[in-house]
K.L.:
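Following this message is one structure expressed as structure tokens.
All residue numbers refer to positions in the sequence shown, counting from 1. This structure is a prediction, so every number in the text was calculated from the model and none was measured.
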Amino acid sequence: MAISIDPDTGLKIFDTRAAKASDKIQGQGYAVNPDASLKTLPEVSTDARFDAVEQAKYREFKEQRRGAADYMAMEGEFAKYLEDHYSESPVQREALTDECEIVVVGAGFAGLLLWYRLKEAGFQDVRFCEKGGDVGGTWYWNRYPGIACDVESYSYLPLLEEMEYFPTMKFASGFEILEYCQSMATKFGFYDKCLFHTTVERTDWNEETRRWTVTTDRGDAMRARYIILANGILTTPKLARIDGMESFEGDSFHTSRWRYDVDLEGKTVGIIGTGATAVQAVPELAKIVGELYVFQRTPSSIDVRDQRVTAPQEIENWKEEPGWARARRKRFSKISAGRSAIQANDDYLAGKVEHFKERKEHSRKLTPEEMVDKQLDSNFRIMEQIRARVDAIVEDPETARALKPYYPYGCKRPTFHDEYLPTFNLPNVHLVDTAPIGVTNINENGVVHQNDEYPLDVLIYATGFQWMATSTFNMVTGRGGQTMKNKWETEGTKTFLGIHSNGFPNLFIMTGPQGGGGSFNFTDAIETHADYIVWMLSKMRDEGHQVVDITEEAELTYAEHCRQADIATAPLRDCLSYYNGHGDSEPGSLAYYGGGNWHKFRVRAQETLDTYLFESV
């Protein structure tokens with residue numbers, strides 16, 4: 001029975017988890033590579049500087065690609081790329097038109113952790129809406145061969161102590177992470193609270209009833225006091241707009257909807273895109289296909305991965321250390337440099353040494369501008385090493401040339417792999433350099449580039465996701481009938497902490513635009529946001545408040561802070577990437593670059609309460 005009543009609480013409980021579509025849906029992430037030569041970057045001169053000549057080279061690399069990022073909505077004939085191939089058909093159920101206290105959108109890490117915290121604080125009347133057939137969020141949708149987390153799993157997976165679980169690898173496979181999510185959902189009673197295969201189409205605030213109405217594609221029109229958007233920062237796949245793509249007669253799919261029913265063995269396969277997904281998938285594809293064509297517009301930075309198996313002694317040590325994962329994650333959050341964070345020094349994270357790298361002493365305090373210049377030089381040397389690594393590994397000079405990235409380290413999402421570059425030495429793997437504008441034509445046979453046709457049996461789109469796209473918030477209509485998307489498009493992105501937005505009472509956003517409080521570890525951010533939201537809901541319950549909004553002044557002050565923080569550090573991100581809307585986003589409108597200042601805004605608000613507008617019955 002899909003919907004029943006809990007005899008103890010009188011609340012509705014759900015049984016809508018969909019069955020797995022096929023046993024073929026399985027795989028692994030990074031394997032341990034025994035070749036030591038692939039696990040270090042070549043040395044470069046410590047005197048290397050990001051001088052005017054190098055800056056000009058980076059600018060040319062960027063400007064050649066300006067305007068090339070052209071993506072389209074997956075609608076009409078392209079809606080097939082959004083179909084869920086991982087689960088059986090949705091479980092049939094009645095539409096819900098009743099009332100509950102809290103509706104949460106999303107059942108990934110944020111939703112699972114939030115439920116644990118809400119339950120712990122005594123909240124029971126909670127429902128989750130998830131468009132997929134099971135929990136996992138990004139780990140439900142992304143199941144391509146080779147998928148693994150880029151952040152070390154000992155810091156990344158939430159609630160490890162509570163689950164009494166120890167990841168099998170330092171960088172766990174996505175398949176292991178999905179199973180972990182399912183185990184969390186089972187242990188903490190999440191499945192009873194979640195409506196799967198349920199997409200929220202709109203949420204509307206009713207000023208008279210002080211309730212949100214949540215409308216879904218299953219006919220639901222639920223009323224809720226609070227809405228929490230926990231559907232992630234990379235939620236919607238995107239497709240490059242390419243002439244003729246609808247005419248291709250072979251099989252095609254997006255990497256976030258991997259088609260395990262399509263046999264790739266011995267086939268001629270093309271993959272468009274060389275970002276973080278492709279870097280993980282390409283080495284695995286090369287092992288099974290007949291011929292592989294990799295179509296690249298912009299190369300990724302391919303850093304060392306150095307995967308390893310979790311040592312039995314580590315597990316024994318952790319068993320004797322209460323709170324080991326939280327302590328490790330806290331140490332991780334103190335790492336201010338992206339590459340150092342992702343490399344994840346084991347001795348530092350385990351608490352064996354005090355610092356994650358040798359601390360530099362300066363004769364005087366550096367200005368913010370000098371700090372940025374220092375970081376640009378450091379990032380340049382890292383990129384020089386990454387480019388030298390390409391030359392050291394890739395045998396064909398032209399292929400090596402095309403695989404070298406020229407932009408500041410971390411400006412585009414850094415990637416890490418010890419098999420990706422060697423894959424291009426295989427006789428069945430071919431890099432097709434489509435710089436600077438990318439693939440522009442596809443016909444019934446395959447990809448056409450510069451009058452050369454590449455016939456394919458299967459075409460795979462590794463074209464990524466929308467990053468914090470405001471379209472995600474078009475479904476939210478607040479006071480006065482204004483949508484959040486419209487507000488942000490006409491007034492600029494304005495929030496407080498990235499969690500509240502004035503005019504949208506009782507609505508909370510997890511890890512959205514301007515949402516700081518975290519680190520290079522996404523789990524750190526969702527823990528911080530979950531704790532804050534549960535604090536707010538508990539305060540309102542305990543003090544009898546019905547509605548909370550924020551002042552316009554608090555929102556404007558915080559939005560300006562986000563803008564200035566973005567501008568101050570902009571030279572570190574001087575390229576075209578989804579982080580900056582491919583060069584089109586306004587400063588401060590997307591990710592948060594204010595570091596620990598987010599916590600200062602939060603603490604002050606929680607202590608003074610003058611940021612909030614509470615309403616009571």
K.L.:
List in chain and number order the residues that pass salt bridge (Lys or Arg N to Asp or Glu O under 4.0 Å) with Arg225, two or more places apart in sequence or in another chain; answer none if no residue qualifies.
P.N.:
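Expected list: none.
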
K.L.:
Go through the structure and list residues passing disulfide (SG to SG under 2.5 Å) with Cys100, not counting sequence neighbours.
P.N.:
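Result, disulfide (SG to SG under 2.5 Å) vs Cys100: none returned.
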
K.L.:
Sequence neighbours excluded, which residues qualify as ring pair (Phe, Tyr, Trp, His ring centres under 6.0 Å) partners of Trp205?
P.N.:
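If we apply the ring pair (Phe, Tyr, Trp, His ring centres under 6.0 Å) test to Trp205, skipping adjacent residues, the hits are Trp212.
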
K.L.:
Looking just at side-chain N and O atoms, do Tyr30 and Asp150 make a donor-acceptor pair shorter than 3.5 Å?
P.N.:
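Side chains of Tyr30 and Asp150: pair found under 3.5 Å.
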
K.L.:
Applying salt bridge (Lys or Arg N to Asp or Glu O under 4.0 Å), name anything that partners Lys193, two or more places apart in sequence or on another chain.
P.N.:
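If we apply the salt bridge (Lys or Arg N to Asp or Glu O under 4.0 Å) test to Lys193, skipping adjacent residues, there are no hits.
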
K.L.:
Run the side chain to side chain contact (heavy atoms under 4.5 Å, CB included) check on Trp598 and Phe601 step by step: do they pass?
P.N.:
CA-CA 5 Å; Trp598 185 92; Phe601 277 90; 5.9 Å; no

K.L.:
Has Asp220 got a side-chain atom pairing as donor or acceptor with Met222's backbone, closer than 3.5 angstrom?
P.N.:
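Not a single qualifying donor-acceptor pair exists.
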
K.L.:
Tell me, which pairs form a disulfide bond (SG atoms under 2.5 Å apart) where one or both residues lie in residues 580-617, sequence neighbours left out?
P.N.:
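Residue pairs with at least one partner in residues 580-617: there are none.
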
K.L.:
For the CG atom of Leu96 and the CG atom of Leu195, what is their distance to the nearest 0.5 Å?
P.N.:
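Between atom CG of Leu96 and atom CG of Leu195 there are 6.0 Å.
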
K.L.:
Test of understanding: with salt bridge (Lys or Arg N to Asp or Glu O under 4.0 Å), list the residues that count as partners of Asp610, not counting sequence neighbours.
P.N.:
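By the salt bridge (Lys or Arg N to Asp or Glu O under 4.0 Å) rule, Asp610 matches Arg604.
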
K.L.:
Determine whether Ile177 and Phe109 satisfy the following criterion, side chain to side chain contact (heavy atoms under 4.5 Å, CB included), listing intermediate values before the conclusion.
P.N.:
CA-CA 10 Å; Ile177 297 173; Phe109 271 19; 3.8 Å; yes

K.L.:
Listed by chain and number, what are the side-chain hydrogen bond (donor to acceptor under 3.5 Å, both in side chains) partners of Lys539, not counting sequence neighbours?
P.N.:
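Testing Lys539 for side-chain hydrogen bond (donor to acceptor under 3.5 Å, both in side chains), a comparison that skips the adjacent residues, returns Glu543.
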
K.L.:
Keeping to residues at least two apart or across chains, list the side chain to side chain donor-acceptor pair (under 3.5 Å) pairs with something in residues 118-137.
P.N.:
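Counting only pairs at least two positions apart or across chains, the side chain to side chain donor-acceptor pair (under 3.5 Å) contacts touching residues 118-137 are Arg17-Asp134, Asp98-Arg127, Asp134-Gln182, Asp134-Tyr191.
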
K.L.:
Is Arg210 salt-bridged to Glu615, cutoff N-O under 4.0 Å?
P.N.:
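A salt bridge is present here (some side-chain N lies under 4.0 Å from a carboxylate O).
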
K.L.:
Looking at Asp524 and Arg329, does any basic side-chain N land under 4.0 Å from a carboxylate oxygen?
P.N.:
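Arg329 and Asp524: not salt-bridged.
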
K.L.:
Could you work out, with side-chain contact (heavy atoms from CB on, under 4.5 Å) as the rule, every residue matching Ala73, not counting sequence neighbours?
P.N.:
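Testing Ala73 for side-chain contact (heavy atoms from CB on, under 4.5 Å), a comparison that skips the adjacent residues, returns Glu75.
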
K.L.:
In chain order, what residues pass the salt bridge (Lys or Arg N to Asp or Glu O under 4.0 Å) check against Glu176, with sequence neighbours excluded?
P.N.:
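Per chain and number, Glu176 pairs via salt bridge (Lys or Arg N to Asp or Glu O under 4.0 Å) with no residue.
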
K.L.:
Under 4.0 Å between a Lys/Arg side-chain N and an Asp/Glu carboxylate O for Lys365 and Glu370?
P.N.:
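The answer is no: the pair does not qualify as a salt bridge.
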
K.L.:
What pairs of residues pass the salt bridge (Lys or Arg N to Asp or Glu O under 4.0 Å) test when at least one of them lies in residues 577-599, not counting sequence neighbours?
P.N.:
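Qualifying pairs: none.
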
K.L.:
Using the salt bridge (Lys or Arg N to Asp or Glu O under 4.0 Å) rule, collect all pairs that involve residues 546-557, keeping only residues at least two apart or in two chains.
P.N.:
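As it turns out, the salt bridge (Lys or Arg N to Asp or Glu O under 4.0 Å) pairs with a partner in residues 546-557, which skip direct neighbours, are Arg479-Asp549, Lys487-Glu555.
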
